[in-house]
Number of protein chains: 2
Amino acid sequence: MRKVKISDIASKAGVSISAVSFVLNGKEKEMRISKSVARKIRQVAKKEGYHPNRAAVSLRTGESKIIGLIVDTISGSFFSRLANVIETEAGKYGYKVIYGSTANGSEGSEQLLRILSQHNVDGYLVMPEARIESQIASLIKRKNPVVLIDSYFAKLGVPYVMVDNFQGVADGVSWLYEKGYRRIGFVGSDLDMVQMKDRVRGYSDTVKAKKLKIPKGLICETVYGMENTMLIRKIADYVKKMRPDALMFGANYLGVAGLEALTGLGMSVPADMGMVCFDDMDIFRLYPPGITAVEQPIHEIGHKAVEILMGEMGVIPVSVKKSIMIKGHLVERNSFRVG
Amino acid sequence: MRKVKISDIASKAGVSISAVSFVLNGKEKEMRISKSVARKIRQVAKKEGYHPNRAAVSLRTGESKIIGLIVDTISGSFFSRLANVIETEAGKYGYKVIYGSTANGSEGSEQLLRILSQHNVDGYLVMPEARIESQIASLIKRKNPVVLIDSYFAKLGVPYVMVDNFQGVADGVSWLYEKGYRRIGFVGSDLDMVQMKDRVRGYSDTVKAKKLKIPKGLICETVYGMENTMLIRKIADYVKKMRPDALMFGANYLGVAGLEALTGLGMSVPADMGMVCFDDMDIFRLYPPGITAVEQPIHEIGHKAVEILMGEMGVIPVSVKKSIMIKGHLVERNSFRVG
DNA sequence: TCACTTTGCTAAAACGTTTTAGCGAATTGA
DNA sequence: TCAATTCGCTAAAACGTTTTAGCAAAGTGA
C-alpha cells in the first residue's frame, strides 16, 4: 500500500510524467494533450488513487495550500467558533489551516511566524494583539498575504474584517434607553486597540445623543489581562460607588465577571440592574432571565476573512472591498425591568 | 530579504552543503566535522538567519513536523481548550498542529485523512466519533502513529488517553447520595462509545452499591445528535414522569439542556432538584447557586496525549504505558438542598 | 619507508513535483 | 512538392534538503 506517485501513473498510462502533471493540473488545453490521452491519464490516476505529495509540490511551487491562523488564544468561545468556520471556509478552497497562539508562552510571535514561514504558509489570518503589530508589518513588507480579524492596525494598510463595534454598543445602549434606563454605565477595558476604543465611543456617543447627563465615572475601565477575582471586585466597587441602573458590557468576559460581581453584591438582573453585553455567549442565553447581547456574526466574519485572503493570495479575483465591517445583531432577552 | 538557504551558508562559510547540513543537524561527531569548522558554520548560519525549508526537508525525509488533530467539531469549550493545550505541548517538541473537523460537512473523514496524509503528517491525535473507526483502522495498518483522546476503540489496540468516566460519574452520584438524595436519576445518551457506556455503568453500579431501589426508567436515554429543543422536552417529560429528586448528567450539553428543561417546568436547582454534571462548564460555575460538576483534567489529558504520540513517533523513548486513564475532579458547588 | 587506517571533508543522488525548452510527425499554404 | 506551422508529446532542470559513498591528506604501525 505504498503511496502512489506521479511516475507510477505515467508508466501505467504509458505516457510521460509531464503529460500526467499537465492533465492533472488542468493544463491539457494549453499544453495540447489529446482528449484520449487525457482521459486515459485521469482514469488511471483515479483507479490508482493518486494524490500529489504536497511537500514536493510545495518545494517546487513555493505554495503549501496551508494558511496560518494566528490567535492570542483559541480557548474562548468566540475564537474557537471562528476557528471552526475558518477551517471549513478554507477547506472549500482546498486549504488547510495550521494555527498557533501567541499567548500561551510557548513561543513568541516572531518564533511563531518564522515557523509558519518555514512551512511555506501561503497566507495569514491574524486576530491581533497589540504587541504583534511590528511582526505584521514585516509580513506585509515581504508581500505576504495577510488579513486581520476583529481588529486592525491603523498605520499599516492591511485588509481586515471586523464587527461594527461602535454600532453594536450603540444598539445595546439604545435598547437599554428604550427600556427606560437613564443612568447607564459602561464596563470596558484599557486594551489599546480600536476594537475596544470603538466600543467606548459607541457608548459615549449614544449617551450623548440621548442627552443623558453622565458623570465621567460611569465608565468603568478595567485592566486588560487582570486576574478574574480582581476584575470582579473592581466591577463590584464600581457598581457600589456609581450606582448605575443598567450596565453595558464591552466584552463577553466582562459581562460574565459582571454577573458574578452583581451576585456578590446580592443584586440580580433584571430586578436590580439592566444589562446588555457585547458579544454573546451560551451563558447569556441560559442565565435565568436571559441576558440581551450583541451577537457577533461569526459565520460571516470567517467567511469574509477567508474570501478576502483568497483574493490577496490570488486564488480568486480580488474583490473591490478589501476591508469590511460587519454589523452585529442584537439578541433581545429579558435583562430589563418591566414597567 | 530573500530566504536564505543551506547553499548560502555553505558558500559564505567556505564549506560544502553537506558539512552545513551535518553540523546543523547535530551530526558533526558522527560525520567528523572539526570543531573549528562546526563553529564557523553555526556562526554564519546564525548571522544569516538560516532556517530550513520545511517542504524540502519533508520531501527528503518524509517527516513534516506536523501532527494532525482530528476532532468532531472544535467549537465547544472542552475541545477548544484541549486544542489549545495540545498546541503548546506539541510546540515543545517542535511540532505544529494542523487540524480538521469531520463534522462540519465540508469533507468526510476519508477526505480529511487523505489531505493530512498528503501533507506528510507525522502522527495523529484523534477525538473519535464512532463512524471514523474504520479510517483509524487503516491508519494503524499503515503504521501511522495514532493516539485517541477521550474515547477508544476496543477492537483496535490503539493507544488512548481518556478521563475516568466511570469514576467521575460514580463520584458525582455518591456526592448526591451523601447530600441525602435517594431517588437519583441519570441523563445520558445513546452514543455508542465506551465513553458514555462507562458513565452509565458508573451510575448503575454506584446506585446498586448504595442499595437504592431504582426503577429502570430512572435512566433517561437521549438520542445523540438530537435537536436541542427536542432534547429539552425529552428531559422535561422524563422529570415529570419519573420524579427524581436529583439528577446526574452524563455530558455538559445534557446538563445545560437539563437546566433549561427544569426552568421550563418552573423548577429550580437546588430548591426542587439536586444536580451534578459530568464535565464542567463556565455556566455551571456561574449559574446562580453553582452546579457541582466533574471537571475533566484538560491539561493533563493534552499533555499525556502528546507525550504518548511522541513516543509512538519515536521522538522520545516510548513509555511503558501507552494508554492511560485520568481521574476527573469533583468540583463541589451548591446544587443540593440543605438539610 | 610502505601499507594501512583514520580524519575531515565533498560530490552527487534522491525525494516527487512543475515547467521550460524542444523534438518529430502531421498539417497547412503556396 | 517543399517550407513553414501546428500538434502532441517528452526530456530534463529545478526546488532545498539529507545522506551515501568516497576521496585526499594526515596519522599509525612495523
Side-chain angles (χ1 to χ4, degrees), chain A residues 2-42 44-45 48-66 94 114 117-122, chain B residues 2-42 44-45 48-66 94 114 117-122:
Chain A
R2 202 61 231 107
K3 255 181 208 163
V4 28
K5 47 196 167 191
I6 203 172
S7 58
D8 298 334
I9 307 304
S11 61
K12 299 225 183 193
V15 297
S16 74
I17 288 183
S18 340
V20 177
S21 175
F22 292 144
V23 170
L24 264 25
N25 288 313
K27 308 205 171 155
E28 41 180 310
K29 301 279 176 212
E30 181 183 349
M31 288 302 154
R32 20 180 195 229
I33 304 295
S34 64
K35 285 283 176 210
S36 62
V37 170
R39 189 148 31 83
K40 174 79 176 173
I41 290 176
R42 253 188 275 275
V44 174
E48 301 290 319
Y50 170 73
H51 296 285
N53 178 325
R54 294 247 32 108
V57 174
S58 174
L59 176 56
R60 176 62 228 235
T61 63
E63 293 178 355
S64 61
K65 293 277 184 183
I66 296 181
R114 194 187 8 90
S117 122
Q118 279 181 62
H119 281 287
N120 282 338
V121 163
D122 296 336
Chain B
R2 202 63 228 105
K3 252 180 212 165
V4 29
K5 47 194 167 192
I6 203 171
S7 59
D8 299 334
I9 307 303
S11 61
K12 299 226 180 188
V15 296
S16 74
I17 289 183
S18 338
V20 177
S21 175
F22 292 145
V23 170
L24 265 24
N25 288 313
K27 311 207 169 155
E28 42 180 310
K29 301 279 175 214
E30 180 184 351
M31 288 301 156
R32 17 177 198 235
I33 304 295
S34 65
K35 286 281 175 212
S36 64
V37 169
R39 190 149 31 82
K40 174 79 176 172
I41 290 176
R42 254 188 275 274
V44 174
E48 300 290 320
Y50 170 73
H51 295 285
N53 178 325
R54 294 245 33 107
V57 174
S58 174
L59 176 56
R60 178 60 229 235
T61 65
E63 293 179 356
S64 60
K65 293 273 184 188
I66 295 180
R114 200 197 350 98
S117 123
Q118 279 180 64
H119 281 287
N120 282 339
V121 164
D122 297 337

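Letters go in sequence order (proteins before strands), and every chain restarts at 1. Since the structure is predicted, the reported quantities are computational estimates derived from the model, not experimental observations. Values reported hereafter were calculated over all heavy atoms of this structure, with side chains retained and with hydrogens, waters and symmetry mates removed.
The overall bend of the helix from C:dT1-D:dA30 to C:dA30-D:dT1, read as the angle between its terminal helix axes built from five base pairs each, is 50° when rounded to 10 degrees.
Residue A:Lys5 is the one, among A:Phe22 and A:Lys5, whose nearest nucleotide of DNA chain C lies closer to the 5' end (criterion: closest heavy atom).
Nearest approach of B:Pro52 to A:Gln118, heavy atoms of both residues: O-OE1, 3.3 Å. Here the shortest heavy-atom pairing between B:Ala45 and B:Ile9 reads CA-CD1, 3.8 Å. Of all the heavy atoms in B:Lys35 and B:Lys29, the pair that sits closest is NZ-NZ, 2.9 Å.
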Run the side-chain donor-acceptor check on residues 57-64 of chain B: report pairs under 3.5 Å with partners two or more places apart or on a different chain.
residue: B:Ser58; atom: OG; partner: B:Asn120; partner atom: ND2; Å: 3.0
residue: B:Thr61; atom: OG1; partner: B:Val57; partner atom: O; Å: 2.7
residue: B:Thr61; atom: OG1; partner: B:Glu63; partner atom: N; Å: 3.0
residue: B:Ser64; atom: OG; partner: B:Ile66; partner atom: N; Å: 3.2
residue: B:Ser64; atom: OG; partner: B:Asn120; partner atom: O; Å: 2.7
residue: B:Ser64; atom: OG; partner: B:Asp122; partner atom: OD1; Å: 3.4

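Regarding A:Arg32, its CZ atom lies at a distance of 13 Å from the C1' atom of C:dT27, rounded to whole Å.
A donor-acceptor contact shorter than 3.5 Å links the side chain of A:Asn53 to the backbone of A:Ala55.
Within 4.0 Å (heavy atoms only), B:Ser34 reaches sugar-phosphate atoms of the nucleic acid but no base atom. Counting any heavy atom pair closer than 4.0 Å across all strands shown, B:Ser18 reaches a base atom. Using a 4.0 Å heavy-atom cutoff across all strands shown, B:Thr61 reaches sugar-phosphate atoms only and no base atom.
From B:Ser34, atom OG reaches atom CD1 of B:Ile41 across 8.0 Å, with rounding to the nearest 0.5 Å.
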Walk me through whether B:Ser117 and A:Lys3 qualify under side chain to side chain contact (heavy atoms under 4.5 Å, CB included).
CA-CA 10 Å; B:Ser117 123; A:Lys3 255 181 208 163; 3.5 Å; yes

Could you walk me through whether B:Tyr50 and B:Leu24 pass side chain to side chain contact (heavy atoms under 4.5 Å, CB included), step by step?
CA-CA 10 Å; B:Tyr50 170 73; B:Leu24 265 24; 3.7 Å; yes

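In summary, contact between chain B and DNA chain D, defined as any nucleotide atom under 4.0 Å from a heavy atom of the protein, begins and ends at D:dG16 to D:dT20 in the 5' to 3' direction.
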